[in-house]
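This is a predicted model, so every value here is computed, not measured. What you see below is based on every heavy atom in this structure, not just the backbone, and it leaves out hydrogens, waters and symmetry mates.
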Amino acid sequence: MTTARTLSGPAAAAATTDPRPPSRRTLVVLALCWLIVLFDGMDVNVYGAVMPRMLADTGLGLTPATAGRIGSWTTFGMLIGALVAGNLTDWTGRRPVLVGGTLLFSAGSALCAAAQGVEAFGLGRFVTGLGLGGVMPVCLSMVMEFAPGARAALTAGTLMTSYHVGGMLASVLGLTLADGSGWRPVFWVGAVPALVAVPLLLWLLPESPAVLLAKGHTAEARKLADRYGLRPPHETTAPPAGARARWHAALALLHGTGRRATPLLWAASFCGLLLVYGVSTWLPQLMRAAGYGPTSSVAFLFAVNAGGIVGMLVAGAVARRFGAARVSAVWFLLTAACALLLAVRLPLPLTYVVVTVTGIWLFSAQVMVYATVPTLYPAPQVSASLGWTTGVGRLGAVVGPALGGTVVAHGAGQWAFVTFAGAGLTGALAIHLAGKTPRHSGT
């Protein structure tokens with residue numbers, strides 16, 4: 001993950017108090033990133049939305065165990081994509097990485113739509129993951145750079161709502177298009193970003209001034225910043241360039257004031273993304289196995305993402321008063337409680353309520369792990385810590401779908417929710433202890 005470093009000293013104070021509203025050009029950048037993350041959320045959630053129909057397609061040959069492994073191939077591809085995206089950004093910039101990632105996950109979706117067997121379908125999901133891997137962190141970096149200071153938290157939260165809008169769109173496709181035409185057309189829709197978003201990115205999206213500065217293009221970076229109404233980029237905003245620099249930055253996280261917090265943050269992120277991707281992949285199938293109808297099962301995916309939007313808007317406001325680590329710990333605990341409730345067959349209206357409330361806690365618990373990072377590290381280490389916390393967390397994203405598939409394959413679907421509850425409890429403990437570690441000087 002490549003993110004802009006946090007400003008420090010006078011630059012930070014100036015950015016925080018910057019009263020200028022975002023320019024029209026800046027809003028275009030934010031809107032483009034919002035659109036890309038929407039497609040990200042749609043592609044991640046669409047597999048879960050159509051999985052019940054894919055399992056019923058005897059010609060494809062998909063089984064619950066295989067479905068879980070394919071879900072993990074997707075997230076493993078995201079892990080590889082995120083690692084590669086960092087070096088590609090050093091060489092080419094953020095704009096080409098976004099364009100390339102969008103083309104790649106669109107191509108992966110097309111491969112899935114045309115697949116005649118599980119091997120080809122799994123390859124398509126892996127390619128999709130490769131494309132998705134670098135998209136989210138680059139979009140986060142862009143919105144935080146083009147809407148700095150006091151606007152950064154609001155715009156980052158707004159960006160994350162698009163992921164859940166994409167998840168809701170995937171649910172709608174599963175309920176409508178898949179119902180009438182089967183699961184393949186849904187994946188053809190996933191190829192649309194190559195036709196719609198890529199031309200817009202090439203036409204309207206600028207390069208990052210911070211990345212231009214890091215590559216030595218100082219005059220161009222300052223000119224671009226002036227055009228978009230940003231303060232001139234400072235060397236403290238430039239991301240570390242090169243694999244060696246990022247490796248040394250990672251080693252520094254295991255020493256000094258952050259040495260205790262680092263493994264705890266990694267553990268919390270692992271649990272958080274295990275929950276996010278495990279639930280996104282398996283919720284419809286788990287609810288169908290529990291006796292709910294196919295329409296209701298897919299509608300639950302819509303409900304959990306609707307709750308996710310509310311959670312993104314609420315968590316940030318609550319964290320401003322109580323602290324991100326404390327909110328994340330409580331949110332993990334509430335996620336665990338809701339998961340245990342879902343292990344029990346409840347009346348349908350009550351189940352919808354529980355699923356929606358689960359979404360409020362589930363997704364924003366993970367985001368609050370990221371929000372804890374700046375409180376535990378000095379400014380020069382924040383970017384590296386965010387990158388590695390996200391990267392290690394993606395291992396949880398690989399484990400979550402496979403773990404759910406293993407449980408379902410053994411005919412014990414209700415235990416999947418118990419497993420998710422255990423991940424929630426572990427995540428709560430890890431982020432609570434991380435929040436208790438000593439802060440860096442100056443906080």
Side-chain angles (χ1 to χ4, degrees), residues 41-57 60 62-76 78 112 118 121-122 125 128-129 164 167-168 170-171 174-175 178 183 186 270-305 307-308 335-336 338-345 351-352 354-356 358-359 361-363 366 394 396-424:
M42 185 185 76
D43 269 329
V44 169
N45 285 274
V46 74
Y47 183 43
V50 299
M51 186 184 294
R53 298 189 180 281
M54 294 181 67
L55 289 171
D57 183 353
L60 183 64
L62 191 69
T63 66
T66 304
R69 288 196 295 271
I70 290 176
S72 292
W73 294 349
T74 309
T75 51
F76 182 68
M78 292 174 72
C112 290
V118 292
F121 182 83
R125 289 302 287 173
T128 298
H164 299 293
M168 295 166 70
S171 305
L175 289 170
W183 60 269
V186 177
F270 177 93
C271 293
L273 287 180
L274 184 155
L275 283 165
V276 167
Y277 286 93
V279 171
S280 296
T281 301
W282 283 105
L283 181 63
Q285 182 60 25
L286 287 171
M287 300 310 283
R288 188 169 186 180
Y292 298 96
T295 299
S296 296
S297 298
V298 177
F300 287 134
L301 192 61
F302 183 96
V304 78
N305 278 286
T335 299
C338 289
L340 290 176
L341 282 175
L342 291 175
V344 180
R345 178 66 188 269
T351 304
Y352 272 116
V354 174
V355 169
T356 304
T358 300
W361 319 126
L362 168 64
F363 300 103
Q366 174 67 17
R394 286 192 185 278
V398 174
V399 171
L403 186 62
T406 300
V407 174
V408 172
H410 286 80
Q414 72 275 14
W415 285 102
F417 289 115
V418 177
T419 302
F420 292 148

Inset, instruction - Begin with the C-alpha distance, continue with both residues' side-chain angles, and end with the deciding distance and a verdict on side-chain contact (heavy atoms from CB on, under 4.5 Å) for V44 and V276. - result: CA-CA 10 Å; V44 169; V276 167; over 6 Å; no
Inset, instruction - Decide side-chain contact (heavy atoms from CB on, under 4.5 Å) for L275 and Q366; before the verdict, give the C-alpha distance in whole Å, the side-chain angles of both, and the deciding distance to 0.1 Å. - result: CA-CA 9 Å; L275 283 165; Q366 174 67 17; over 6 Å; no
Inset, instruction - Using the side-chain contact (heavy atoms from CB on, under 4.5 Å) rule, take V355 and L342 through it: C-alpha gap first, then chi angles, then the decisive distance, then the call. - result: CA-CA 8 Å; V355 169; L342 291 175; 3.7 Å; yes
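Looking at V399, V398, L273 one by one, the single match for side-chain contact (heavy atoms from CB on, under 4.5 Å) with T75 turns out to be V398.
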Which donor-acceptor pairs under 3.5 Å do side chains of residues 286-294 form with protein atoms, sequence neighbours excluded?
residue : atom : partner : partner atom : Å
Y292    : OH   : L346    : N            : 3.3
Y292    : OH   : L346    : O            : 3.0
Y292    : OH   : T351    : OG1          : 2.8

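Minimum heavy-atom separation, P52 to P284: CG-CB, 4.3 Å. A49 and A170 make their closest contact through CB-O, 3.6 Å (heavy atoms, listed as atom of the first residue, atom of the second, distance). F302 and S171 make their closest contact through N-OG, 3.0 Å (heavy atoms, listed as atom of the first residue, atom of the second, distance). Taking every heavy atom of both residues into account, A397 and Y277 meet most closely at CB-CD1, 3.3 Å. Heavy atoms only, all atoms of each residue included: L283 and F300 are closest at CD2-O, 3.7 Å. Of all heavy-atom pairs spanning V418 and A343, the tightest one is CG2-CB, 4.4 Å.
Annotation: side chain to side chain contact (heavy atoms under 4.5 Å, CB included) contacts of A421 (sequence neighbours excluded): A336, A339, L340. Judged as a side-chain hydrogen bond (donor to acceptor under 3.5 Å, both in side chains), and not counting sequence neighbours, the contacts of T74 are R125. Residues that satisfy the side chain to side chain contact (heavy atoms under 4.5 Å, CB included) test with A56, not counting sequence neighbours, are absent from this structure. When the salt bridge (Lys or Arg N to Asp or Glu O under 4.0 Å) test is applied to R53, the partners found at least two apart in sequence or on another chain are D179. Not a single side-chain hydrogen bond (donor to acceptor under 3.5 Å, both in side chains) links Q285 to another residue, sequence neighbours left out. Among residues two or more places apart in sequence or in another chain, the ring pair (Phe, Tyr, Trp, His ring centres under 6.0 Å) test is passed with F363 by H164. Every residue two or more places apart in sequence or in another chain was checked for a ring pair (Phe, Tyr, Trp, His ring centres under 6.0 Å) with F76, and none qualifies. Every ring pair (Phe, Tyr, Trp, His ring centres under 6.0 Å) that F121 has, sequence neighbours left out, goes to Y47, W183, F187.
If you take CG on L274 and CG on L403, they are separated by 6.0 Å, rounding to the nearest 0.5 Å.
At least one side-chain heavy atom of S296 sits under 4.5 Å from a side-chain heavy atom of Y352.
Judged by distance alone, the side chain of T281 and the main-chain N or O of G71 form no donor-acceptor pair under 3.5 Å.
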